[in-house]
Amino acid sequence: MLKIFRTVAILEGISYLALFAVTMPLKYLADIPMPNKYVGYAHGVLFIAYIILAIVFWAEKKWSIKKGIILLLASLLPFATFYVDKKYLKPAER
């Protein structure tokens, strides 16, 4: 479970960055909308998977409300899923 959650967290973070740093400029500055569509779909699926896995992992580990909120908020902020992986998920793996 942890390995899957870590993988989804990293992929969600990468897709978030790709969406806003690569495909949005392509769409609006270069008038190339297609990459944004596909990266957007992938990001949407990864976002939903991250939220579901975060809730399951949070309940499984019986973590505090604070940690649970941090897990959930991380999906909304760029680079935050990388922070969650390093601070909370890697130590849980040991």
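No hydrogens, no waters, no symmetry mates; every other heavy atom, side chains included, goes into these values.
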Starting at CD of Glu12, measure out to CD1 of Ile48 and round the result to the nearest 0.5 Å. 11.0 Å

List in chain and number order the residues that pass side-chain contact (heavy atoms from CB on, under 4.5 Å) with Pro78, two or more places apart in sequence or in another chain; answer none if no residue qualifies. Tyr16, Leu17

Hits for side-chain contact (heavy atoms from CB on, under 4.5 Å) against Ile65, two or more places apart or cross-chain, chain-then-number order -> Trp58, Ile69

According to side chain to side chain donor-acceptor pair (under 3.5 Å), does anything in residues 76-86 pair up with another residue at least two apart or in another chain? List the pairs. Arg6-Asp85

What heavy-atom pair brings Leu89 and Ala9 nearest, and what distance separates the two atoms? CD1-CB, 4.3 Å

For Ile14, all residues meeting side-chain contact (heavy atoms from CB on, under 4.5 Å), sequence neighbours excluded: Ile10, Phe82

Can you get from Val45 to Leu76 by hopping between Ile, Leu, Val, Met, Phe, Trp and Tyr side chains that sit under 4.5 Å apart? no

Does Val22 sit in a hydrophobic cluster with other residues, and if so which ones, taking ILVMFWY side chains as linked at heavy-atom separations under 4.5 Å, directly or through other members? Leu26, Ile32

Give me the other members of the hydrophobic cluster that Leu77 sits in, counting Ile, Leu, Val, Met, Phe, Trp and Tyr linked by side-chain heavy atoms under 4.5 Å, directly or via other members. none

Answer yes or no: are there more than 12 heavy-atom neighbours, outside Leu73 itself, under 6.0 Å from its atom CG? yes

Who passes ring-ring contact (aromatic ring centres under 6.0 Å, His included) against Phe79, sequence neighbours left out? none

Separation between OH (Tyr88) and CG (Leu71), nearest 0.5 Å, reads 8.0 Å

Pairs meeting criterion side chain to side chain donor-acceptor pair (under 3.5 Å) with involvement of residues 19-46, two or more places apart: Ser15-His43, Thr23-Asn36

Which residues pass the ring-ring contact (aromatic ring centres under 6.0 Å, His included) test with Phe5, not counting sequence neighbours? Tyr50, Phe57

Any chance you could measure Leu2, atom CG, to Glu60, atom CD, to the nearest 0.5 Å? 8.5 Å

Work out which heavy atom in Ala74 is nearest to a heavy atom in Ala80; give both atom names and the distance. O-CB, 3.3 Å

If two hydrophobic side chains count as joined below 4.5 Å and joins carry through other members, does Phe47 share a cluster with Ile70? yes

Applied to residues 62-79, the side chain to side chain donor-acceptor pair (under 3.5 Å) test, sequence neighbours excluded, yields none

